Amino acid sequence: MATDNPYLAHLNPKKGGKSSASPTPGNNPLYGFLPRRVTGEQARKALESDVNPFTMQPHTPQYKKILEARKKLPVYSQMDEFFKIFSENQIIVMVGETGSGKTTQIPQFVCYSDLPHTKGKMVACTQPRRVAAMSVAKRVADEMDVQLGKQVGYSIRFEDMTEPGTTFLKYMTDGMLLREAMNDPELTRYSTIILDEAHERTLATDILMGLLKTLAKRRTDLKLIVMSATLDALKFQKYFSLKHGEVAPLFKVPGRTHPVEVFYTQEPEPDYVEAAIRTVLMIHRAEEPGDILLFLTGEEEIEDACRKIKIEADDLMNQDPDSVGPLVCIPLYSSLPPQQQQRIFDPPPPPRTPDGPPGRKVVISTNIAETSLTIDGIVYVVDPGFSKQKVYNPRIRVESLLVSPISKASAQQRAGRAGRTRPGKCFRLYTERDFMKELEEQTHPEILRSNLANTVLELVKLGIKDLVRFDYVDAPAPETLMRALELLNFLAALDDDGNLTALGGIMAEFPLDPQLAKMLIVSPEFKCSNEILTIVAMLSVPNVWVRPPSQRKEADAAKQMLTVPDGDHLTLLNVYNQYVANGQDKNWCWQSYLSARALQQADNVRAQLQRNMEKFDIDLVSIQDSNKLYTAIRMALVCGFFMQVAHKEGEKGNYLTVKDNQVVALHPSCGLDNQPEWVIFHEFVLTTRPYIRTVTEVRPEWLLEFAPQYFDLSTFPDGETKRALQRVLNKKQGKAAGRVDGTNSDKRMTKKQKR
DNA sequence: GAGCACTGC
């Protein structure tokens, strides 16, 4: 009998419940529900009830109204099927196209069957992006007629909108769940975990899939749903098969979108930007009213196309005012201030004269409009078939952005953007043959395109012993893993056997690249942890410098005022300190050509990192004397970034990176007033030529002193760099030999670096 | 004398 189930004790009137409206079989809509054996029919009845089963409060009129809208979602009509498949399986793969309602409805269905609130558990639903986690949680709280942050909540970096003991449905970013797994590898608080947007294959989702597959074997009480929008479900079904030769069950729901007619060019287009502009103008001249979405690859390209289209469209309108209406161009990319991003939701311009042809809006966007942002009213999509994609070269340890052809999946996603409100058209600026034969099926998952130093440290922290044999959905190149292990070993986060050191354990707790974490953790030894904390925060946010094309001189002059000639890292410190000294004032930022948004973010990151430091008793200290302070900071930088050092070669401004021997130049944004012989750099960027960016002068003695393993000269390739270091070493050894007590100046670091 | 696809902790 249901009432004998201890999980349902609180639903049993004889044993008494916590609710104020003491539940009876008559008024508790969940009375008689057996966890994970609930049927669609039972759930529908409960949904229609006048009482909210999770709060025992009467439903508001709003609830009924929203419920009627929910009933129209495709996923709603397959409720019986879902409850059956959920009852019968531990792992389910679900495919739901756009508009199916999967993200909002499936987690609620799960709650009605899993009844997490009766066993002190939670249902988690992960999202790749913060905004999605927040906005979906808000929507679902409304649908369930509860207050956001109570029964339904969300958890993202910087904001935990949940109430322990009350929240049983939690939306969260995939990265956040990964963090939680580091402290609780069994993820005991969850009864069901739903991975949404799995087809996007973010680094965090990929790692979670591997962890959860293994965890599901240990925790047979844990249910797992992997939700994806495209038809690559078979890959996930195979990956998550529990029995040899079988695949995980598939639950499929159709979408609700309008048809999109796709057009191809007859011949390949040699200049896709020019072709795109031409196509937009053709649509404007010849097609029915309806807004246009054009995909380009980056800020510069977008701003350029905006200007050109504007000029041409104005010409067209002036030549033929009776048949061509006004056109507005709206750029869209992530570094645009939110206020300007909002412009994409503006209505199209009105006709120039009351009876004239209607106006049209064209949004020119990066990939941000492919997944993150949805613009209603788009009827025409222009897809040149390119995007900037991250690529990682493990040989030289460099991540860079490359304009590359998109995948078929991506092209389909783009086309779909034309059919959200009514039937649309998609103009692909490549041939049908190229689409069929040349484009990859799927975009390569992020795990194959990234530096994995961070990920490897996380995996080791998660207790994964054999990284090469970890059950990846797609295994990264062994060389990428080796590079990550090598870096972590040099940083003393891993010992020579690949085991996590105490230092590595603390590094993993910081939401930072390992180099930054290392530098922050050792900084108290140099008495400059306050300053390193600031520098690390500044390096973790987008570029703070604003340089409008029309005011380059003014912006450069303003930057000069804040520049510290010893190094760009010190300049970043100075910028933050001035920002605080000026009361974090937006006007001051504006006048100084600084991004108030980025500085605000740096402040936020700094506060979070400071809380982490306090947790591990890492002291926050400063040296008063500013000369000594600056030297100390530069020493601490070396402890994290000794693998990113360059040595000047000749007088032409060329540098060679240490060990890799890449020829690089100081980036023009660099504020150093001379060209020091030895520099440490934060980034290697490959644009018109190889540059190093965010650069600070260091002394070669520090390299030998603070990173002796890496600067073991017997491992160095022959060359001027090695000879220069050898000279420094000889000088140093000469001095040491003359010393009576033989004190080793390396002592304070060697202690740290071993374990 | 140049740039910053997009996320996430």
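Predicted model only: the values in this text are computed from it and were never measured. Each chain gets a letter, A, B and so on, in the order the sequences are listed, and its residues count up from 1.
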Practice task
Taking atom types as modelled, find out whether A:Thr173 and A:Arg157 have a side-chain donor-acceptor pair closer than 3.5 angstrom.
Solution key: no

Exercise for the section: Return the orientation label for the A:Phe470 and A:Tyr472 ring planes: parallel under 30°, perpendicular over 60°, tilted otherwise. Expected result: perpendicular

Handout entry: DNA chain B contacts among residues 170-189 of chain A, heavy-atom distance under 4.0 Å
Key = A:Thr173, A:Gly175, A:Met176, A:Arg179

Exercise for the section: Before accepting this row, confirm whether a basic side-chain N of the pair A:Glu440/A:Lys408 lies closer than 4.0 Å to the acidic partner's carboxylate O. Expected result: no

Exercise for the section: Tell me what A:Arg201 touches on the nucleic acid: a base, only sugar-phosphate, or nothing, going by heavy atoms under 4.0 Å. Expected result: nothing

Practice task
Classify the side-chain pair A:Gln662/A:Tyr655 by whether it contains a donor and acceptor separated by less than 3.5 Å.
Solution key: no

Problem - Of residues 593-609 of chain A, the positions that come close to DNA chain B - non-hydrogen atoms, cut-off under 4.0 Å - result: none

Practice task
Report which part of the nucleic acid A:Asn367 touches: base, sugar-phosphate, or nothing (heavy-atom distance under 4.0 Å, all strands).
Solution key: nothing

Exercise for the section: Could you check whether A:Ser387 gets within reach of a base, just the sugar-phosphate, or nothing at all, counting any heavy atom under 4.0 Å? Expected result: nothing

Handout entry: A:Arg189 and A:Asp184 ion-paired at < 4.0 Å
Key = no

Practice task
Decide yes or no, distance alone: a donor-acceptor N/O pair under 3.5 angstrom between the base of B:dA2 and the side-chain of A:Arg547.
Solution key: yes

Handout entry: NZ/NE/NH1/NH2 to OD/OE distance under 4.0 Å, A:Glu180 and A:Lys170
Key = yes

Run the side-chain donor-acceptor check on residues 667-675 of chain A: report pairs under 3.5 Å with partners two or more places apart or on a different chain.
unit_1	atom_1	unit_2	atom_2	d
A:His667	ND1	A:Ser669	N	3.1
A:His667	ND1	A:Ser669	OG	2.8

